[in-house]
Amino acid sequence: MVRLLLRFGEEIVDQPIVSEIILELKVPINIITALVNSKGGEVLAEVPQEAMDKVVAALRKRGATVSLPKLIEVETEKCISCGSCVSLCPVEAITLDNELSVVFSKEKCVGSTCSACVDACPVKAIKSVKQNNHELINSRLKGVTGKKR
Amino acid sequence: MGELKLKPQKNARTIEEINAKIRKGDAQVLTAEEMKKLVESSGVEVAFKEVDVVTTGTFGAMCSSGAIINIGHSDPPIKIDRAFMNDVPICHPGAAVDLYIGATAMSETQPYEYGGGHLIEDLVNGKEVELRAAAYGTDCYPRNSLKTNLTKDDLNQFYLLNFRNCYQHYNCAVNSRDETIYTYMGKLLPKMRNATYSGAGELNPLMNDPDYETIGIGTRIFLGGAQGYVIGEGTQHEAKSQNGTLMVRGNAKKMSSEFLRGASFTRYGTTLYVGLGIPIPILNLGLAKKAAIRDEEIFTNVVDYGVPRRDRPKLAKVSYKELKSGAITVGDKKIKVSSLSSLKTARKVAGTLKSWVENGEFYLTAPVERLPLDNVFKPMKQTESTPFVVNVMQTAVTCRETEEVRAIAERIVTKSVNHIVVVDSLGKLTGIVTSWDVTRAMAEGKTKLADIMTRRVVTTKPNEPLETASKKMAQHSISALPVINDEGKVLGIVTSEDVSKLLGM
């Protein structure tokens, strides 16, 4: 599966775009997080690797912006392994190992749409980098090698 | 704890004997964690016979920390009145060029991001920092202002001087409110969805010598990666409730940022993480027993930081074993808990101290004076009372959800209020409606209250400080808060007008 960050502007946010695409392409799309209101929406979704191109094309046809989600970035050399972030993570992407070091799992992290841990780090070792809409172009998408799970 | 209250036994080992062994490289040193394992496997008698020193450690945010520096005299000289280093305001409590960097002082240009703790870390790392100072000028110190760049090598003295460190144990924090709060105990999610705690538990220095037999004034310790000293009990020290603290000093020029880190807690401010370790000489069997204490024997209270009062409600008692397991239970609720202090670095402190003693780089000292055991940590004497919600709240004008908008409009006029609180048959809060909502409903031709009322209501409680209630109203851009009890029953209402009258805001 590949993770995609979908953004819907104010003018299309009331349309059932993801549902339409699921029905039309018969592709399972797994919504991981969603922040939607009348002003627009930001959805983190997983799509099968092989169906990615046509899903992206269908989303764009309907006016959505598609980009690769930037996950949370952890500067390990700054981290003091206090663990303040551990209890805030809703998906257990942050844990303590046997050595009591804080371990961050990129696979489990739902990325910048959550960011619950970011403002809890006392040494500012965690960053959520929101990607600009224009950052993703077709050529970049083609190079994606999503982690198989 | 009964058996730990034994009278100090006749010492079977002396500090001089231990130091002689250290000199020869023969001293038997264990970290506190190793000691506990040995006692469990071989018994306390064996551990007592075999072990000379147990090393302890902790690494946590310690706000009552700072550094005293002397920067030398300028020409012409200045008697500093106001000073900033990297835009952090610096205290000038003494003579012309003696300054104190407080860990919690925040940069005026980057508040909440950079503060005294970061400044101390930068100096420790050899970085250059900018000093700006101003003065009123005297006959002997004529200069009015000054700007210069300094590193730690330019300072005559650079001593960490912390007036409260090494809390023996600390609260576990939760938040019962409906909103996330940011505290000195970190980020606390609403409705007790997470918990935080601080402290190293069985690794904490004071937990391993709870009767202060070996830790006193003059005890040589590990401080920030260098050798330092205990110079007294810390402020708020209360040994009998296991809330002991230490005042410490150490040469910051020799410290390392691995054990001294500036930090910032979102919406709280800046602080300093301090690594502190103490070697406990196992002078007698009693000390061996005490140094065997386990996390399951150390308890702390789960405290509701959602209540902004001095005496916050205590919701449960948990052991450090539970805390370190990652989850605690409060009532029938399982809550994920995380540590604010670093247990990994606490271990490293104990381990480093152990190697220092083994390698003959660190000798033990006997205290020149014991620390007080019977101190009481008193609350503040207040000569002025502060207002709480209960002091200004008024009777709420209420209505039921089934009423017509027209009836509400009439009530607003006859009672001359702007807010009507919606309640159910038990008097419990279900919503709120304002004169503005009613005006709009009239304009739009809506007639049912249920269609226009606000259901997600920001509320307050009678014992909430009025300042907190006032902040809530400002934060949510609203002008009144229903006052409810723990069951959600409406007790009254507090409006911004009432608050302004009292607080003059």
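Letters go in sequence order (proteins before strands), and every chain restarts at 1.
In this structure the side chain of Ser84(A) never reaches within 4.5 angstrom of the side chain of Lys187(B), judged on heavy atoms.
Counting heavy-atom neighbours within 6.0 Å of Lys78(A) NZ, excluding the residue itself, gives a total above 12. Counting heavy-atom neighbours within 6.0 Å of Glu75(A) CD, excluding the residue itself, gives a total above 12. Within a 6.0 Å sphere centred on NZ of Lys348(B), heavy atoms belonging to other residues, nucleotides or ligands number 12 at most. More than 12 heavy atoms of other residues, nucleotides or ligands shown are found within 6.0 angstrom of NZ on Lys333(B). The number of heavy-atom neighbours closer than 6.0 Å to NZ of Lys37(B), taken from other residues, nucleotides and ligands shown, is 12 or below.
Ranked by heavy-atom pairs under 4.5 Å with chain A, the first of Tyr197(B), Tyr182(B), Phe265(B) is Tyr182(B). When each of Thr180(B), Asn194(B), Leu188(B), Thr196(B) is scored by its heavy-atom pairs under 4.5 Å with chain A, the top score falls to Asn194(B).
Interface residue Asn98(A): only backbone heavy atoms are found under 4.5 Å from chain B. Heavy-atom distances place no part of Arg267(B) under 4.5 Å from chain A, backbone and side chain included. Looking at Ala61(B), there are no atoms closer than 4.5 Å to chain A (heavy atoms on both sides), in backbone or side chain.
No donor-acceptor pair under 3.5 Å is formed between the side chain of Ser339(B) and the backbone N or O of Gly83(A). Between the side chain of Ser81(A) and the backbone N or O of Ser342(B), no donor-acceptor pair lies under 3.5 Å.
Atom OG1 of residue Thr345(B) and atom CD1 of residue Ile80(A) lie 6.5 Å apart, to the nearest 0.5 angstrom. We find the NZ-CG distance between Lys324(B) and Leu96(A) to be 11.5 Å, quoted to the nearest 0.5 Å. For the atom pair Ser87(A) OG and Lys336(B) NZ, the distance stands at 7.0 Å (nearest 0.5 Å).
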What verdict does the side-chain contact (heavy atoms from CB on, under 4.5 Å) test give for Leu343(B) and Glu99(A), after you've listed the backbone C-alpha separation in whole Å, the side-chain angles of each residue and the deciding distance to 0.1 Å? CA-CA 9 Å; Leu343(B) 290 168; Glu99(A) 306 282 280; over 6 Å; no
Applying side-chain contact (heavy atoms from CB on, under 4.5 Å), run through Val123(A) and Arg261(B) and close with a yes or a no. CA-CA 8 Å; Val123(A) 291; Arg261(B) 289 287 297 274; 3.8 Å; yes
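Looking at every heavy atom in both residues, Lys124(A) comes nearest to Thr266(B) through NZ-OG1, 3.8 Å.
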